[in-house]
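Everything below concerns the one structure shown next.
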Amino acid sequence: MTEKVRIQQQDHLPMPLIYLASAEDLATWYRSGLLWALDHGERALKLSCFNSEATMGIDLDQAAQAVLRVAADILYDHPEVESLTILCGDEISYRTYSFYWNLWYAETKPDHGPL
């Protein structure tokens, strides 16, 4: 399952025009988007995470943890998923998402440096 996931940094990701009040709202929003993509035949899934300055007041650590739990749930519940790419809008977001993904799922733990 974990071999299907890639976390990448990509500058200038578009911000969605939505309001989310909590990390749980964010996770629910991502879950619905991933399930919609699956329902429409997508098997190479992608989600774009906000950069660290555009979190709408949601703590980045909490957001990363909630979103990654959703990603893992989707992968476990839908073995037909071929890949999941998580795009992060800046270095801080990339390191945060990578840190939690590797903390929970990596066979070996890479050195992430200070967050």
Tell me whether Leu87 shares a hydrophobic cluster with Trp36, the cluster being built from Ile, Leu, Val, Met, Phe, Trp, Tyr side chains joined at under 4.5 Å.
no
Distance (rounded to the nearest 0.5 Å) between Leu68 CG and Trp101 CH2:
6.5 Å
Heavy atoms, side chains only, cut-off 4.5 Å: are Leu84 and Ile74 in contact?
no
If I take atom NE2 from residue His78 and atom CG from residue Leu35, how far apart are they, to the nearest 0.5 angstrom?
5.0 Å
Which atom of Leu26 lies closest to which atom of Ala63, heavy atoms considered:
CD2-CB, 3.6 Å
Hey, does Ser83 have a side-chain heavy atom less than 4.5 Å from the side chain of Leu45?
no
Between Arg43 and Leu38, is any pair of side-chain heavy atoms under 4.5 Å apart?
yes
Could you tell me the separation between the OH atom of Tyr100 and the CG atom of Leu60, rounded to the nearest 0.5 Å?
8.5 Å
Under the salt bridge (Lys or Arg N to Asp or Glu O under 4.0 Å) rule, what pairs show up with a residue in residues 65-84, not counting sequence neighbours?
Arg31-Asp73
Are any non-hydrogen side-chain atoms of Val5 and Tyr105 less than 4.5 angstrom apart?
no
Who pairs with Glu24 by side-chain contact (heavy atoms from CB on, under 4.5 Å), at least two apart in sequence or on another chain?
Ser22
Any donor-acceptor pair under 3.5 Å from Lys4 side chain to Pro79 backbone
yes
Can you tell me how far the CG atom of Leu47 sits from the SG atom of Cys88, to the nearest 0.5 Å?
8.5 Å
Which residues satisfy the side-chain hydrogen bond (donor to acceptor under 3.5 Å, both in side chains) test with Asp39, sequence neighbours excluded?
none
Spacing of CD1 belonging to Ile58 relative to CG belonging to Asp25, to within rounding of 0.5 Å:
7.0 Å
Shortest non-hydrogen separation from Gly89 to Asp11 and the atoms involved
O-OD1, 3.8 Å
Would Phe99 and Asp61 satisfy side-chain contact (heavy atoms from CB on, under 4.5 Å), going step by step from the backbone distance to the final call?
CA-CA 10 Å; Phe99 173 80; Asp61 288 301; 5.8 Å; no
State, to 0.1 Å, how close Val70 and Tyr30 come at their nearest heavy-atom pair, and which atoms those are.
CG1-C, 4.5 Å
Among Ile86, Thr96, Asp90, whose side-chain contact (heavy atoms from CB on, under 4.5 Å) with Cys49 holds?
Ile86
Can you confirm whether Gln10 sits close enough to Tyr94 that some side-chain heavy atom of one is under 4.5 Å from a side-chain heavy atom of the other?
no
Nearest 0.5 angstrom please: Gln8 CD to Arg6 CZ, how far?
4.5 Å
